[in-house]
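Let me begin by presenting the structure, written as C-alpha cells, before commenting on it.
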Number of protein chains: 2
Amino acid sequence: METMTWNQQIVKKNNKALVLQLIIEKEPISRADIAQVSGLHKATVSSLVNELLEEELIYESGPGESSGGRRPVILHFNKVAGFAIGIDIGVNYVLSVLTDLKGNILIEKNQPLAQTVYSEVMSTVKNMIQSLINEMPGSRYGIVGIGAGVPGIVNKEGSVLLAPNLGWKNVQLKTDLENEFRVPVMIENEANAGAVGEQQLGAGQDYQNIIYISAGIGIGVGIILNKVLYQGRNGFSGEMGHMIIDLNGKLCSCGSRGCWEAYSSENALLEMAGKNTDSLEALIKRAENSDEAAKHLFGEIGNYLGFGINNIINTFNPDQVIIGNRLALAKEWMVQPIRTIIENHTLSHHQKELQLDFSKLGKYSTVLGVTAFVVENFIKEEARTS
Amino acid sequence: METMTWNQQIVKKNNKALVLQLIIEKEPISRADIAQVSGLHKATVSSLVNELLEEELIYESGPGESSGGRRPVILHFNKVAGFAIGIDIGVNYVLSVLTDLKGNILIEKNQPLAQTVYSEVMSTVKNMIQSLINEMPGSRYGIVGIGAGVPGIVNKEGSVLLAPNLGWKNVQLKTDLENEFRVPVMIENEANAGAVGEQQLGAGQDYQNIIYISAGIGIGVGIILNKVLYQGRNGFSGEMGHMIIDLNGKLCSCGSRGCWEAYSSENALLEMAGKNTDSLEALIKRAENSDEAAKHLFGEIGNYLGFGINNIINTFNPDQVIIGNRLALAKEWMVQPIRTIIENHTLSHHQKELQLDFSKLGKYSTVLGVTAFVVENFIKEEARTS
DNA sequence: CCCATTTGTATATTCATTAAACTAAGTTTG
DNA sequence: CAAACTTAGTTTAATGAATATACAAATGGG
C-alpha cells in the first residue's frame, strides 16, 4: 500500500521519463516533435527538456532542417552521462563489459575460469570490474550500476539460491558486490537477462510478448510479457528446462524424468554425440564440412527444441520466440527441424503471427540485458530526484 | 501512442477509482480510514467520496463506533447500482446468471443443450438473457454489461475462432450480442474467465500470480500474473491442454501427439474407464462407495495432472495453482497423487511457497469471472465520466 | 520585402491535491 | 459534569503541474 496514490509529482515524474524515453528512442528529435508524438503541450515539453538539459542527460546540437518555418533545435540523449557494467558469469568464463547508457560496448574483457568456487570467481569478477572502472572515461554520473547474469536460481533480493553448474548455493552476490563498489547492483538469471537484452537491443525490439530460450549447457527461459520481464513470485520463473516433455523419459540431473533440457541442451547434444566428440564447436566444424552425422545430430536437437517451443507457443501465444545462447550457433541446421515440428504440432491459430528468431546479440545477450536493466533503473531514479 | 501522457484528469480518475476500490474491498469504511490507508489527504477523499455519492455508486449509513472522538460516517458500496449478466456456454448446457456489482448471484438459470449449432445456442442464450433482464430489479444503471465464457479460442475482438467441442468456427459472438442488447459485451475463453472468477471471488483472492487449470472435457489454463489476466498476443494464451508431456505418446484430436489433455481430462478419464462407464458422475459415485478401481482411476488422472502442474510451476513460479472445472469434483482422490508428483519432480525452490488449491466457486467460476470482468469495465468507465 | 509558418518561450489560467483552519461530535479526566 | 482532548469531516487558501494564449524568433516563399 505504498505507491498507490497519484499526485502532481508523479505526473511530472512520468512525463519527464516519457520525454526522456522519446529522446532516447528517436533522437535526433526537436521539442516540437516530442510535443507532437507525446501529446504533451509544447510549453510542458520545453520545461521538462530544460530540466533534462540541466541534469546533462540530454544535450542540444545545432539547428535542424526547416520544414517551412523556424528551424528546430535538435536534442540528443547524452549516452555518456554515465556508464554501466555488465557481468556474465558462465560455467567456464566470465565476460564483463563497460557500456554507455545506450548499451554500446566500450570495453570488453573475457576471462576463462579454471574453477568455479565462489570466492575465486568473486575475486576474478571484482578485479575485472575494478579494471573497467579504472579505464572508464570521465562523466557526470560515473558508474550508474553493475549488473550480473548467473546461470542459476536468483531470488528478488539478488541472492543466488542454486547454480548447479557453478556449484553455488545461497551466495549473497548482490550484497557482496554492493559492499565492494557502493553502486546499485542487480543480479538476474542468465536467461532473464538475455531476454531483456534481446528485447532492448537485439532481435525483440518490435515485440511485446517475447519468450527467449537460452539453450546452453542447460535450458533457461526468459519471459517478457507486455514488454516487461515476468519474474514470478520469487524470481524463479522460466525454469522450463525442467518442463517434462517425455513422461517416461530420461532421468534428469534435477531428479525428475523427461525434462526438456535432457533432450535439447548442449549437454544432451554432447551426450548424443558420444565419446569421440568433446565440444559444440567441434561438432559445428564437422557440420560445416558437410558431415552428415553431425548435421543429423543438430537436426535431432532441433526436433526436441521444437517440442518445447510448441509448448511455449500454446502456453503463451507470444509475439516472438527467440533462441539464444550457445546452441544458437548451430542455427543453420536446426531452424528447419524446429519449424517443421511447430507446423506439425502447434495449434494453427497460434502459429499464424508468430515470429521465430535467433539471438541477434549472440554471446552478448546476457551482459547487455543486465546493463539495460541497470540503465533503466538509473534513469528512473534520476528522473525522480529533481 | 495514445494514453501515454499524464495529467490532472488522469490523476483524479485514478484516485477516484482507488477510493472506490477501497470502499468495495473494505466496506464498511469511513472517509478517515480511506485517507489513512490510501495516503490521500482527507479533503481529497471527502471530495471524491462526494462525487461517488452523487453517482450513487456508494451510500452512507449511520455513524459507526467512535474511537475516542467524533463518530465516523460509514460508507458502503452500492452493489445494486446496476447488474451484470454472465453466460457460461458449455458443451451440453448454458448457465446464465444475474449478479450484483459484487458478484452475488441474484438469479440463476440453467438450460441443457441438445445440440450446439451456433444459431440454436444463440437463440437459447438470447432468451435466457432477456428473461434475466425482465426479472431484474430496478436500479440506477441497469444492465452494465454482458459477459460470456466459451470453451474455445477467442480473439481480442470477441470472435470465437474455434470451439471444437461446440463445432463453432469464426462466429461473431460479441457483435451478435451487442447488436441484440446494446450494452457492453465481453467474450472470454472459459478458462481465462474461470481464473478471473477464482481470483476475484474464489480461492485466489490473496494471490498475485495464479494459474487456473480448467480440467473439463479438455484442459484450458487461465494465467493471472501480477493480478492481471495475461491473454497473449491474440488472446489465445493458456492452451496448455496441448502442451506435449509425452513425446511419443497418444494421438490427440488436435493432430499432435502426447498432449496433456489426452491424459488428464474428463475425456481421458472416460476413455481409461472403458465402455461400461459413461459419466464422470457415475465414476465419482463408485469412488464414494469405495470402488478401488474408480479411485485408482482418479489417482491416475491425478498423476497426469501432476506432470502438467510440474511444468506450470517450473515455468511460472506462481503463487498459486487452482484446479477447477468438472474434474475438481474428484478432488478427494486426486489431491494426494498430484502432490506426490510435484514433490518428486518439481524443483524444490519452486515448491516452497506454492499454494495448491481447488476451485472454490465450482461450476460458477466461469460465469462469475465474466461478470467480474464486466463490472470492472463498468466501474472504470464510470469513474472516467464525471 | 512582406507574410505565412514553424519553433520555442513567457505569462496567465485551470484544476487536482494538499495544508491549515475550522466545525462537529464524540470521549476522557479531574 | 464541565473542561480538555480526540477524531471526523468540511471549508478556504496555497501549491504546483499541465495547458491556453500571446508572443518572439527564425525561416521560406512569393
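These numbers come from a predicted model, not from an experiment. Quick note on labels: first sequence line is chain A, next is B, and so on, each numbered from 1.
- Residue side chain B:Gln8 reaches the base of D:dG16 through a donor-acceptor N/O pair under 3.5 Å, judged by distance alone.
- At a threshold of 4.0 angstrom between heavy atoms, the contacts of A:Ser30 are confined to the sugar-phosphate backbone, with no base atom among them.
- Contacts of B:Glu60 classified as salt bridge (Lys or Arg N to Asp or Glu O under 4.0 Å), with partners at least two apart in sequence or in another chain: B:Arg31.
- Phosphate proximity of D:dA17 to A:Asn15: absent, as no side-chain N or O sits under 4.0 Å from OP1 or OP2.
- Listed by chain and residue number, B:Glu353 satisfy the side-chain hydrogen bond (donor to acceptor under 3.5 Å, both in side chains) test with A:Arg233 (two or more places apart in sequence, or in another chain).
- For the OP1/OP2 pair of C:dC15 and a distance below 4.0 Å, the side-chain nitrogens and oxygens of B:Gln9 include no atom meeting the criterion.
- Side-chain N or O atoms of B:Asn14 include one that pairs as donor or acceptor with a backbone N or O of B:Ile10 at under 3.5 Å.
- Distances were taken from every side-chain heavy atom of B:His41 (C-beta onward) to each of D:dT19, C:dG8, C:dT18; the shortest belongs to C:dT18.
- Checking B:Asn209, B:Ile211, B:Ile210 one by one against B:Phe316, the side-chain contact (heavy atoms from CB on, under 4.5 Å) holds for a single residue, B:Ile211.
- Contacts between residues 66-73 of chain A and DNA chain D, defined by a heavy-atom separation below 4.0 Å, involve A:Ser66, A:Gly69, A:Arg70, A:Arg71, listed by number.
- The A:Ala43 side chain lies nearest to C:dA10 when the options are C:dT14, C:dA10, C:dA21.
- Across D:dA18, D:dG9, C:dC15, the shortest atom-to-atom separation from the side chain of A:Leu48 is found for D:dA18.
- Closest to the A:Lys12 side chain, of the nucleotides C:dA19, C:dG8, D:dA18, is D:dA18.
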